[in-house]
Amino acid sequence: MSNKAIINADVKKGTINKNIYGHFAEHLGRCIYEGFWVGEDSDIPNTNGIRNDVVEALKNIKIPVLRWPGGCFADEYHWKDGIGPRENRKRMVNTHWGGVIENNHFGTHEFFMLCDMLETEPYVCGNVGSGTVQEMSEWVEYMTFNGESPMANLRQENGKEEPWALTYFGVGNENWGCGGNMRPQYYADLYNRFQTYVRNYGENKIYRIAGGPNVDDYKWTDVLMRESAQHMDGLSLHYYTIPGEFWTGKGAATNFPEDEWDATMHKAYHIQELIEKHSAIMDKYDPEKRVGLIIDEWGTWFDVEEGTNPGFLYQQNTIRDALVAGVSLNIFNDHSERVQMANIAQTINVLQSMILTDKEKMILTPTYHVFEMYKVHQDAAKVALDITSDTFKVGDKEMPQVTASASKANDGNINITLCNVDRASAADLTIDLRGMDVNQINGRVLTANEMDAHNTFENPDNVKPVKFTDFQVNGNELSINLPSKSVVALTVE
Ligand code: AHR
């Protein structure tokens with residue numbers, strides 16, 4: 001048996017929206033505080049309170065868009081608590097996440113400053129669950145109004161003369177759950193009302209994102225599209241890869257048995273079915289595919305690390321997470337005509353992170369390396385790819401052993417990303433690369449011997465990409481040997 005693919009380098013299939021490589025940072029655990037924000041007086045090197053090491057590392061993966069302030073936190077966040085002199089800002093309890101004090105030192109101004117440093121676009125999520133129409137409307141006015149108005153004046157008093165540019169705005173989060181436990185009909189009405197007052201000021205044009213379904217709640221999608229499609233630009237979808245059960249035991253992030261590897265891969269693949277079924281409903285109301293499916297929370301969710309606050313969602317990150325990232329991104333690329341954005345949860349110290357920190361120390365996770373290897377696809381032209389994969393079969397679970405994406409960069413190079421999800425066996429793959437001359441191929445691979453190989457503060461480079469040479473080229477045919485549990489990136493010149 002062997003895996004086969006045909007790539008037509010000269011047949012373009014649209015553009016892979018760079019926002020598929022987006023991220024999410026919530027006021028949760030040590031993501032914002034300690035992760036991004038240490039404050040100006042910290043001994044940890046920082047610029048205006050934001051960690052330099054983290055900014056430098058994240059710039060290297062080219063984060064296109066960053067979602068903030070939540071998550072569940074968004075629907076209890078009152079933005080006026082987070083502006084003005086920091087010493088006067090309200091101290092509140094983060095009731096959703098760990099019951100800790102939130103001192104509001106990281107607010108609107110700090111978020112936009114972070115986005116500037118990262119050269120990323122902001123995506124702000126507003127409060128529907130416990131907020132008011134006026135509060136949401138004023139926030140947009142505060143951020144984007146250029147001229148004289150009560151909120152623009154307030155912004156100027158707080159030191160920001162010109163408005164910020166803001167495109168992406170979410171009208172609530174998980175309004176079927178932590179965002180208000182609503183029925184879809186009720187949320188659709190609220191959505192229509194709230195978004196009316198999310199104004200476009202001057203040249204600033206807001207891309208409005210409605211709170212979408214949880215996993216396979218197809219009714220939610222149907223009702224929202226029926227009632228509100230004409231008022232939205234995007235509909236969100238949340239899906240987490242959890243090998244076990246959410247309430248009774250999700251499974252450990254490290255030191256897990258083989259069947260949890262298999263269950264994790266199987267659940268990661270499930271996002272394809274979700275995208276296709278939600279898209280089919282969206283097609284009914286929006287055949288032109290104007291409304292984007294915005295997968296603004298995705299990634300692995302395991303049991304928290306022993307001894308850590310259960311409300312902080314801190315988990316290690318292994319080669320298994322790398323495969324989940326690689327497979328998911330290949331699926332998003334493949335559905336890029338509908339998937340206009342995706343935001344992995346979450347950037348630092350929470351769930352499937354890019355970065356883990358321990359005081360002044362910082363490590364990059366295997367997931368970080370996948371985002372770095374895949375950044376070549378951002379805004380690149382997707383090229384035609386047909387893949388026939390062997391089946392990886394374990395117990396009652398079957399899934400493709402190999403997945404792939406291919407895109408053409410501006411310089412004419414073809415970038416191919418490949419995943420072999422099989423924890424035990426290497427995979428042979430033959431690619432018939434048509435429509436270009438093959439002169440040179442450079443490859444990198446991310447793999448490991450152990451299923452739970454990961455980086456630690458003592459051994460930060462245990463899992464990192466290395467040069468990959470296990471392929472032969474014969475004319476336009478590439479014969480590749482993908483190691484077990486590997487992510488491979490090839491650039492064909
Ligand atoms: O990412 C963690 C939480 O998961 C988010 O706050 C919420 O939206 C989701 O349930």
Side-chain angles (χ1 to χ4, degrees), residues 22-33 35-36 65-77 92-100 102 106 111 123-131 168-182 187 191 209-217 220 224 234-242 244-247 250 253 267-268 271 274 293-305 308-317 321 324-325 328 341-356 365 367:
H23 291 256
F24 169 39
E26 180 167 11
H27 288 238
L28 192 179
R30 298 187 301 113
C31 182
I32 294 292
Y33 299 107
F36 283 110
V65 62
L66 183 64
R67 178 175 184 248
W68 172 85
C72 295
F73 184 79
D75 279 284
E76 53 184 322
Y77 182 59
M92 60 184 265
V93 180
N94 189 333
T95 47
H96 212 94
W97 301 118
V100 293
E102 159 68 58
F106 190 93
F111 174 61
Y123 167 11
V124 172
C125 186
N127 179 346
V128 171
S130 70
Y168 303 104
F169 191 86
V171 181
N173 168 74
E174 296 197 350
N175 301 93
W176 40 262
C178 65
N181 285 306
M182 303 176 198
Y187 172 69
Y191 172 80
I209 299 170
N214 185 29
V215 190
D216 57 357
D217 185 350
W220 185 281
L224 260 292
L235 180 70
S236 80
L237 165 67
H238 289 182
Y239 175 66
Y240 285 97
T241 295
I242 303 168
E245 296 301 327
F246 190 83
W247 298 112
K250 300 176 197 68
K267 296 253 178 107
I271 201 151
L274 297 174
L293 185 60
I294 307 294
I295 307 172
D296 55 16
E297 288 189 28
W298 68 275
T300 56
W301 194 326
F302 303 120
D303 295 331
V304 297
E305 295 301 324
T308 65
N309 185 329
F312 280 16
L313 311 186
Y314 178 76
Q315 64 190 41
Q316 248 297 355
N317 193 294
D321 294 78
V324 171
S328 305
M341 189 195 291
N343 308 72
I344 188 167
Q346 298 191 6
T347 321
I348 311 177
N349 293 330
V350 172
L351 299 176
Q352 191 173 352
S353 313
M354 306 299 115
I355 286 177
L356 301 176
T365 65
T367 301

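Start at 1 and go down the list; that is how both ligands and their atoms are numbered.
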Is the closest heavy-atom distance from W97 to ligand 1 below 4.0 Å? yes
How far is atom 6 (O) of ligand 1 from its nearest protein heavy atom, and which residue and atom is that? E26 OE1, 2.7 Å
Region of V350 that comes within reach of ligand 1 [heavy atoms, distance under 4.0 Å]: neither
How many angstroms lie between atom SG of C125 and atom CG of D75, to the nearest 0.5 angstrom? 6.5 Å
So among E26, E102, H27, which one has a side-chain contact (heavy atoms from CB on, under 4.5 Å) with W97? E26
Within the 4.0 Å heavy-atom shell around N173, which atoms of ligand 1 are there? 8 (O)
Near Y240 (heavy-atom distance under 4.0 Å), the atoms of ligand 1 are 1 (O), 2 (C), 4 (O)
Would you please classify the geometry between the W301 ring and the F246 ring as parallel, tilted or perpendicular, with 30° and 60° separating the classes? perpendicular
Part of H96 within contact of ligand 1 (heavy atoms, under 4.0 Å): neither
Within ligand 1, which atoms have a heavy atom of L351 less than 4.0 Å away? 1 (O), 2 (C)
Is the closest N or O pair between W301 and ligand 1 shorter than 3.5 Å? no
Are side-chain N/O atoms of T300 and Q315 paired as donor and acceptor at under 3.5 Å? yes
Evaluate G71 for polar contact with ligand 1, using N/O atom pairs at a separation under 3.5 Å. no
Could you check F73 against N94 for side-chain contact (heavy atoms from CB on, under 4.5 Å), going step by step and ending with a plain yes or no? CA-CA 8 Å; F73 184 79; N94 189 333; 3.6 Å; yes
As an exercise, identify every atom of ligand 1 less than 4.0 angstrom from a heavy atom of Q346. 1 (O), 2 (C)
When you measure from atom 8 (O) of ligand 1 to every protein heavy atom, which one gives the shortest distance, and what is it? E297 OE2, 2.7 Å
Look up atom CD1 in I294 and atom CE in M341, then write down how far apart they are to the nearest 0.5 Å. 5.0 Å
Y123-D296 side chain donor-acceptor pair, cut-off 3.5 Å: yes
Between CG on residue D216 and CG on residue L274, distance to nearest 0.5 Å: 6.5 Å
Taking 4.0 angstrom as the limit and counting only heavy atoms of F24, give me the atoms of ligand 1 inside it, by number and element. 1 (O)
Of the protein's non-hydrogen atoms, which lies at the shortest distance from atom 10 (O) of ligand 1, and what is that distance? E174 OE1, 2.8 Å
Does NZ or CZ of R67 fall inside the cone over Y168's six-membered ring, less than 6.0 Å from its centre and within 45° of the axis? no
